[in-house]
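Here the structure comes first, spelled out in structure tokens, and everything after it is commentary.
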Amino acid sequence: MVDFRLYNTLTRSVDVFSPADGKTVRMYTCGPTVYNPAHVGNFRTFLFEDLLRRTIRLGGWGVHQVMNLTDVDDKIIKRASERGLTISEVTEPVIETFHVDREFLRIQNAEEYPRATEHLPEMIELVRKLVERGIAYQADDGSVYYAIDRFPGYGKLSRLDTREIKAGARVVQDDYTKENAQDFALWKAAKPEDEKAGAAWDAPWGRGRPGWHLECSAMAMRYLGETMDIHCGGVDLVFPHHEDEIAQSEGATGKPFSRFWCHGEFLLTEGSKMAKRVGNVATVGDLREQGVSPAAFRHFVFSTHYRKQLNLSSEALEGSIEGVRRVGDFSDRLASAKGGTPALAAAADEAEREATNALFDDLNAPLAMGALFTFIRKANAELDRGGDDRAALDRARSVFARINGVLDIVPSLEVGDEASRIEARLAYRRAARERRDFATADAIRMELEAEGIAIEDGPSGTRWKRAR
RNA sequence: GGCGCCGUGGCCAAGUGGUAAGGCGGCAGACUGCAAAUCUGCUAUUCGUCGGUUCGAUUCCGACCGGCGCCUCCA
């Protein structure tokens with residue numbers, strides 16, 4: 001088995017990875033803030049994490065993945081007060097939509113989806129520890145802040161020199177109650193609208209609500225321990241979110257918070273980052289309307305390395321739709337094949353080796369897909385040739401299943417026991433064709449087409465597949 | 001202003017100090033009752049531009065041009 005290598009933002013290099021306990025990867029993936037349905041840019045990151053998760057399992061390790069749902073924050077409270085609702089009335093439907101979209105895109109279930117509002121005790125305890133250690137302080141406004149100059153490692157992830165922020169940078173609104181402009185809120189004193197929206201809790205420092213970064217530190221440590229294997233998110237979370245998580249967690253425990261930090265690049269539309277503030281967002285619903293299947297979108301996302309920006313364009317999407325159709329046709333062909341050749345097995349061996357190596361080399365999905373497509377071409381050529389080598393066919397099937405088990409880019413559902421019913425009608429049609437009764441042959445073709453089954457006559461017999 | 005990433009054929013895209021994977025599209029051929037699929041061949045003497053290092057650079061270095069991102073909430 002080759003080493004599994006991953007780019008680590010902490011070291012800025014591709015390092016050999018294995019879980020600390022040698023068996024199960026403990027992974028935290030920053031999830032959505034549920035005030036609005038996630039857009040496909042958000043889902044690019046979640047797909048990168050799905051790729052990571054599946055590749056880890058391909059390597060034979062277990063995974064314990066935690067994805068938080070941020071269900072209390074400024075935007076949620078704002079929306080709730082605008083509509084006279086509580087925050088949970090705002091977040092519940094959005095969470096539901098998130099899971100529907102996530103499943104649509106075939107993103108595997110994480111082991112835990114903890115919500116911030118269900119972890120107040122853990123968060124309060126973390127703040128208490130930080131105050132006790134003299135790293136956090138309560139300001140005149142009643143809020144509790146983290147004093148970044150009391151944590152020597154501050155800035156090690158983002159490598160930002162905090163003194164270098166100059167003209168041209170977007171300027172922070174000064175909060176004069178803080179000791180240092182860079183200090184961030186751990187606990188925000190409750191305002192009337194927070195109370196009204198049900199977003200205020202009792203704490204030793206008075207009623208209030210958690211700061212943005214706090215939930216991730218508290219919940220990550222609650223479910224994964226003080227040091228986890230991997231912490232992921234989009235590149236925009238490097239600073240300040242992840243930097244602040246490190247400060248909070250390591251400030252409290254004195255132990256490394258995460259061994260690896262992995263970040264996915266942005267999805268761009270119309271030349272810039274997809275973001276609600278830019279107004280260039282597309283949702284999973286938009287994808288459906290454009291006829292972009294989950295398989296096609298996965299193909300599109302995985303066709304570019306996760307650390308490279310990716311442009312959402314209709315041409316690229318169309319290429320993915322066609323590419324994935326080919327993968328699906330091949331999948332059906334493997335299912336309906338009767339045998340293979342030794343060369344088929346050899347092609348499968350090569351594909352497995354190349355795809356696996358690519359994936360283990362910092363999740364090089366584009367290269368893995370290249371290996372898959374090369375395999376498809378070679379395997380199709382061998383299947384054209386016929387052959388009755390059952391073992392070779394089984395080998396091809398299992399390799400295809402293994403690679404596709406990571407990429408998951410076959411459109412529509414698996415074939416199942418429909419196969420024998422279709423085969424029976426094809427046998428009847430074959431008899432009709434042999435007596436040159438093409439009227440009957442075409443009638444059967446039409447029947448099957450009406451059921452969504454396309455058939456193709458070739459030198460080695462008739463194949464069938466689902467129409468896509 | 002600081003920091004960083006990217007620029008490969010019509011489109012998407014991998015890649016390496018030794019001479020350009022793969023997909024989509026296009027063209028031609030094979031196969032075929034029809035159709036579709038599939039296969040085969042062709043489709044970048046060239047990797048933003050200009051210099052430098054080197055026997056040799058797309059790959060290393062420098063400058064420049066262009067695009068994007070982070071330094072605020074943000075996947």
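Every chain is numbered from 1, with letters handed out A, B, ... down the list of sequences.
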Between [N] atom [atom2] and [X] atom [atom1], what is the distance in whole Å?
X: A:Leu310; N: B:rC68; atom1: CG; atom2: P; value: 15 Å
X: A:Phe239; N: B:rG2; atom1: CZ; atom2: C1'; value: 13 Å
X: A:Asn311; N: B:rC11; atom1: CG; atom2: P; value: 13 Å
X: A:Gln309; N: B:rC6; atom1: CD; atom2: P; value: 10 Å
X: A:His39; N: B:rC73; atom1: NE2; atom2: C1'; value: 13 Å
X: A:Arg377; N: B:rC24; atom1: CZ; atom2: C1'; value: 15 Å
X: A:Leu372; N: B:rC24; atom1: CG; atom2: P; value: 12 Å
X: A:Arg307; N: B:rG7; atom1: CZ; atom2: P; value: 13 Å

Rounded to whole angstrom, note down the [atom1] distance from [N] over to [M].
N: B:rU53; M: B:rC60; atom1: C1'; value: 8 Å
N: B:rA13; M: B:rU54; atom1: P; value: 35 Å
N: B:rU45; M: B:rA35; atom1: P; value: 36 Å
N: B:rU8; M: B:rG67; atom1: C1'; value: 15 Å
N: B:rG18; M: B:rU59; atom1: C1'; value: 11 Å
N: B:rA75; M: B:rC64; atom1: C1'; value: 34 Å
N: B:rC12; M: B:rG62; atom1: C1'; value: 31 Å
N: B:rA14; M: B:rG33; atom1: P; value: 43 Å

Single hit among A:Asp457, A:Asp442, A:Ile444 for side-chain contact (heavy atoms from CB on, under 4.5 Å) with A:Arg433
A:Asp457
When A:Asp408 is tested against each of A:His299, A:Arg106, A:Gln108, A:Arg298 for side-chain hydrogen bond (donor to acceptor under 3.5 Å, both in side chains), which residue passes?
A:Arg106
Look at all strands and tell whether [X] reaches a base, only sugar-phosphate, or nothing, counting heavy atoms closer than 4.0 Å.
X: A:Gly41; value: base
X: A:Ala275; value: nothing
X: A:Asn380; value: sugar-phosphate
X: A:Pro240; value: sugar-phosphate
X: A:Ser272; value: sugar-phosphate
X: A:Leu267; value: base
X: A:Lys276; value: nothing

Quick one: does [X]'s side chain have a donor or acceptor within less than 3.5 Å of a partner on [Y]'s backbone?
X: A:Asn180; Y: A:Ala147; result: no
X: A:Ser258; Y: A:Phe260; result: yes
X: A:Asn280; Y: A:Lys273; result: yes
X: A:Asp3; Y: A:Val16; result: no

Between A:Phe400 and A:Phe330, what is the ring plane arrangement, given parallel below 30°, perpendicular above 60°, and tilted in between?
perpendicular
Nucleotide of [options] approaching [X] most closely (side-chain heavy atoms):
X: A:His305; options: B:rA14, B:rA75, B:rC39; result: B:rA14
X: A:Lys75; options: B:rC73, B:rG69, B:rC39; result: B:rC73
X: A:Asn364; options: B:rA75, B:rA14, B:rA37; result: B:rA14
X: A:Leu160; options: B:rC73, B:rG2, B:rA14; result: B:rG2

Between A:Met274 and A:Ile376, name the one whose nearest nucleotide on RNA chain B is closer to the 5' end.
A:Ile376
Specify the residue among A:Arg12 and A:Tyr35 whose closest nucleotide of RNA chain B lies further upstream toward the 5′ end.
A:Arg12
If [N] has a Watson-Crick or G-U wobble mate with both distances under 3.5 Å, name it; if not, just say none.
N: B:rC24; value: B:rG10
N: B:rU45; value: none
N: B:rC70; value: B:rG2
N: B:rU38; value: B:rA30
N: B:rU58; value: none

Stepwise, does the side-chain hydrogen bond (donor to acceptor under 3.5 Å, both in side chains) test hold for A:Thr9 with A:His263?
CA-CA 7 Å; A:Thr9 307; A:His263 296 95; 2.7 Å; yes
If only side-chain N and O atoms of [X] are considered, is one of them under 4.0 Å from the OP1 or OP2 phosphate oxygen of [N]?
X: A:Arg159; N: B:rG2; answer: no
X: A:Lys308; N: B:rG7; answer: yes
X: A:Ser303; N: B:rG23; answer: no
X: A:Lys273; N: B:rC70; answer: yes

Check: A:His241/A:Glu245 side-chain N/O donor and acceptor closer than 3.5 Å:
yes
So, A:His119 versus A:Tyr223: side-chain donor-acceptor pair below 3.5 Å or not?
yes
Close N or O pairs between protein and nucleotides 30-33 of chain B (under 3.5 Å):
unit_1 : atom_1 : unit_2   : atom_2 : d
B:rG33 : N7     : A:Arg433 : NH2    : 3.4
B:rG33 : O6     : A:Arg429 : NH2    : 3.3
B:rG33 : O6     : A:Arg433 : NE     : 3.4
B:rG33 : N1     : A:Asp442 : OD1    : 3.4
B:rG33 : N2     : A:Asp442 : OD2    : 3.1

Are any of the side-chain nitrogens in A:Asp73 or A:Arg209 under 4.0 Å away from the carboxylate oxygens of its partner?
no
